[in-house]
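See below for the structure under consideration.
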Amino acid sequence: MLPKTYDFKAAEARLYQFWEENGYFKPSNDPNLPEHDPTKKPYVISIPPPNVTGILHLGHVLFVTLEDLMIRHQRMKGVPTLWVPGTDHAGIATQLQVEMKLKDQGTSREEVGREKFLEETWQWKKEHGGVIVEQIRRLGASCDWSRERFTLDEGLSRAVREAFVHLYEKGLIYRGPRLINWSPSLQTAVSDLEVEHSEENGKLYYFKYQLAENPEVFIPIATTRPETILADTAVAVHPDDDRYKHFIGKKVLVPILGREIPVIGDEYVSVEFGTGALKITPGHDPNDYEIGLRHNLDLLSMLDKKARVTEVGGPYQGQDRFEARKNLWQDMKTAGLVIKEEDYLHQVPRAQRGGEIIEPMISTQWFVEIAPLAEKALKAVKEEDIEIIPERFKKVYYNWMENIHDWCISRQLWWGHRIPVWYCDDCSELTVAREDPSSCQACGSNNIHQDPDVLDTWFSSALWPFSTLGWPDETPDLKYFFPTTMMETGYDILFFWVARMIMFSLELTGIAPFNIIYLHGLVLDEHGQKMSKSKGNVINPIDVMNDMGTDAVRFTMLVGSTPGVNTNLSLQKVEANRNFANKIWNAGRFVLGNLEKAPAAPENDPDWTLADSWIWSRMQDLVRNVDRLFNNHQYGEAGRYIYDFFWGEYADWYLEAAKQQIIEGGDRAFYTIETLIKIFDLSMRLLHPFTPFVTEELWQHLKEAVQISPFKTRIPDWPEALMISSWPEPRPIENWEKDKVKSFELIQDIVRSIRNLRAEKNIKPGKLIPANLVAGDFTSMLKEELGSLATLAQLDSDQVTIVAKLDEIPQGQIGLVAGPIEIYLPLSGLVDLKEERKRLSTELEELKGQIKRLEDLLASPFAQKAPEAVVNKEKEKLANYQETAGTLQVQINNLEEIT
RNA sequence: GGGCGCGUAGCUCAGUUGGUUAGAGCGCACGGUUCACAUCCGUGAGGUCGAUGGUUCGAGUCCAUUCGCGCCCACCA
């Protein structure tokens, strides 16, 4: 006998090892087959690589369990499956962690130098990189770990270089000075996507731009960043603005500095907004940059890399950007150039990582020319080479692709893929090469040095689905497994990652990297709040797994998530699913316990009971529904169906009926146990992708027990593990099954109405009571089912009568109606006739309401317009109600006669 | 400025192609300890599906308007 409590920790550790050692995580789970079966289309997922030095959070748990569910499902369907795991070097994030460590040691990145710093970072990776991988294994992820990759691996680094050089040679990568987003504290450029705009209270500063020819006359200007005045190279007004258009062509004086700059006319300027005139700072504002290009304006950089004012700022040189703002404004006040300040709510650009205010500035960086790539990527989704789930994200994708800007890919960091470009110190030509060159391509000089910058982390991530399979080499893996099948990831990285994978794959491999994009939502706390340390609502998945088991956590994530919608997670939910795992465990114990006590195999053919047929039919229905839901990627809904079946039908009803059938002994007991086993087996299969551990554990015990039991010959060839067993195939339900289901539902009705009355009358659950049933056409069926009926309703089977018809209503008994069945319970002492009459009358009133409703409905145009089947359903219902109402009326009349 | 999602029982959420007295878990009330499970069993109370209008024989489910919450994108100083 299995222990009462499921020791999930031991099972989890043992089973994972068992699976992996047997090679089940490999693309072919049949050891006799070659690894690549060229006749079968494989199902492939590449894991969204988590940051190498990260620790597991609930977001990881969601995607790992979802992907594991998909992979396990396909594997059981007999499809060769490959799930490629790996980690991402996460440039900025990792570098910052190591820098922090150095700071603690009293040193810094600059102090130790590039080489030593990289050594330190690799060391850090070695120490911390294993953590997340270990945690992913704990979740049960059936990844092929022999194919684990890291974005800075030799192979992937080669892919990065190949991609860079390819794009460069095609003219899709260029270098040049452009206005970029600069992060002063990180000291690097970041891409547009890494800038977040947050709405904040600031000030709008109004001041005067004096005319050079007559300082008495001025153009009023408003700005949110007065310090940028120092780098103004024009003032712009709308060419049709009567207030200002006569200034066009004249010169104005930059406040304090006194530089003369032109007044220009440009339609970009909005007449209504602010003062209707605009200061132009091409060096520090994206719009102004565009205007500057149109008008050939000078371009001044007033900030250095630490956001301190340069020599352009004259007297303010060396001051921090915010200090300069304050000082300049003060000086302008003194000089009488200030008009006013207003409170102002506006969007402030902040760094996604670190949160400091980003400065747009001119800098020489590397860029990917994105338009040609985006065009192809747009087409791939429009022409449905790639499907997006949920579909609404297509629109988001299109919108982004249609408005995309060139991608700044160089980062002034050390941890990452160094840009494969070398500059010649002699001829200043550059060499772009796949392998480290020893000399300049142009002049042959050996005086060359490599670009110090590294690539945006997302550059290597964008190659992930094919670089992990061996690209640029035509490896067998690449040929067989690429393109991949499913890209499952969070909607928050649709642009960062998914879009770029599509663009790069189409350009570099010529095909879309995956067929389906499944986007999940974010994991929030139970009230839909983001989890954060400061709010104290963070749930650590490892703790919860230790407490309640991995299966409970997995089931919670899977059932609670709908594609593209955020998931609110609470410990209560996990607890509920821990209870479900416990339920599975105990149902398994029950099946096993009976299996051990099973009688010898009978000579006779099976004689199935109603309950047997019913549970089979319900199982078929479940298989069909689950199949349908999986095909529609409604995994959570599928889990819910299985849960309801297993707990609400198999455990609550069939197991209880089975108890009685087993007591009957002999053939009946044998076939009941067989049904218990078979339905349990199918349930474990359906449940396995959701809760792999408890299902495998029980299934292994079951398999073992079956093998030494009389069922051995009747239960064919189970494989060596549930994980690689076959997925139940749906088949259509037959008519006789529908009848069986209806009959059993009648039994359930009777049982419920008796239980209901027992609760109402406070009859102890254990107390057996007598009953008299009037069953009409169902008489023989009920007689047949008396055993289970008595067990389920706690009737004294020696004191139950079942007759087809009754001439006279029994006196002094409680009357009940369940569909076409009349029930009389001779419970002397419990019957207060008055009370009974009241109860029956209330019931009748309710029923009459229903009858009226249905009569009205059937008299309405509904009867003509609705499909026949729907109408018939209602007619049938009405007939049933009327019958019941008739019975109730008779019972009530009878009571009245007595009193 | 554009786009999207959500609003269903006290709480957190499900709800097939619209089909006709709306489901679950948790919580709550009442009753249950031998024989799979108190991480359990049985029974019950509790929503008319944010609001309004429309399409339809029929709407939580489709359309329009509206209110509330959240998110994404965007160069109005």
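Below, read A as the first sequence line, B as the second, and so on, with proteins coming before strands; counting in each chain starts at 1. Both backbone and side-chain heavy atoms feed into the values below; hydrogens, waters and symmetry mates do not.
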Any [X] side-chain N or O less than 4.0 Å from OP1/OP2 of [N]:
X: A:Lys279; N: B:A77; result: no
X: A:Tyr344; N: B:A77; result: yes
X: A:Asn579; N: B:C40; result: yes
X: A:Asn756; N: B:G44; result: yes

Taking the side chain of A:Lys573 as its heavy atoms from C-beta onward, which of B:C26, B:U12, B:U16 lies nearest to it?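 Nearest nucleotide to the side chain: B:U12.
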
Interatomic spacing from OH in A:Tyr491 to CG in A:Leu522 - rounded to 0.5 Å: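 Taking OH in A:Tyr491 and CG in A:Leu522, the distance rounds to 3.5 Å.
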
Under-3.5 Å donor-acceptor pair between [X] side chain and [N] base:
X: A:Glu656; N: B:A36; result: yes
X: A:Lys4; N: B:C37; result: no
X: A:Arg758; N: B:U43; result: no

**Prompt:** Between B:G23 and B:C63, how far is it from one P atom to the other, in whole Å?
**Reply:**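 Those two atoms are separated by 25 Å.
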
*What distance, rounded to whole Å, do you find between the two P atoms, one in B:U39 and one in B:G46?*
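B:U39 and B:G46 have their P atoms separated by 29 Å.
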
Exercise. Describe the nucleic acid contact of A:Glu526 in one word from base, sugar-phosphate, nothing, applying a heavy-atom distance below 4.0 Å.
Key: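 Sugar-phosphate only.
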
message: Expressed as a whole number of angstroms, how long is the span from A:Ile679:CD1 to B:A36:P?
response: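 After rounding, the reported distance stands at 20 Å.
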
Scoring nucleotides 59-65 of chain B by protein non-hydrogen atoms under 4.0 Å (B base, S sugar-phosphate only, - none) yields -------

message = Tell me which residues in residues 639-654 of chain A lie within less than 4.0 Å of RNA chain B, going by non-hydrogen atoms.
response =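 Residues of residues 639-654 of chain A that come under 4.0 Å of RNA chain B are, in numerical order, A:Arg640, A:Tyr643, A:Trp647, A:Ala651, A:Asp652.
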
inquiry  = Between A:Asn762 and A:Ser570, which residue's closest nucleotide on RNA chain B lies nearer the 5′ terminus?
reply    =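 It is A:Ser570 whose nearest nucleotide is closer to the 5' end.
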
- Sidechain-backbone polar pair: A:Tyr654 side chain, A:Phe646 backbone, donor-acceptor under 3.5 Å: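 Not a single qualifying donor-acceptor pair exists.
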
- Is A:Glu876 salt-bridged to A:Lys873, going by a charged N under 4.0 Å from an acidic O?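 Salt bridge: no.
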
Check this for me: does any side-chain nitrogen of one of A:Asp285 and A:Arg225 sit under 4.0 Å from a carboxylate oxygen of the other?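 Yes, A:Asp285 and A:Arg225 are salt-bridged.
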
Do A:Arg589 and A:Asn586 pair up side chain to side chain, a donor and an acceptor below 3.5 Å, judged on atom types alone?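 The criterion, which ignores hydrogens and geometry beyond distance, is satisfied for A:Asn586 and A:Arg589.
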
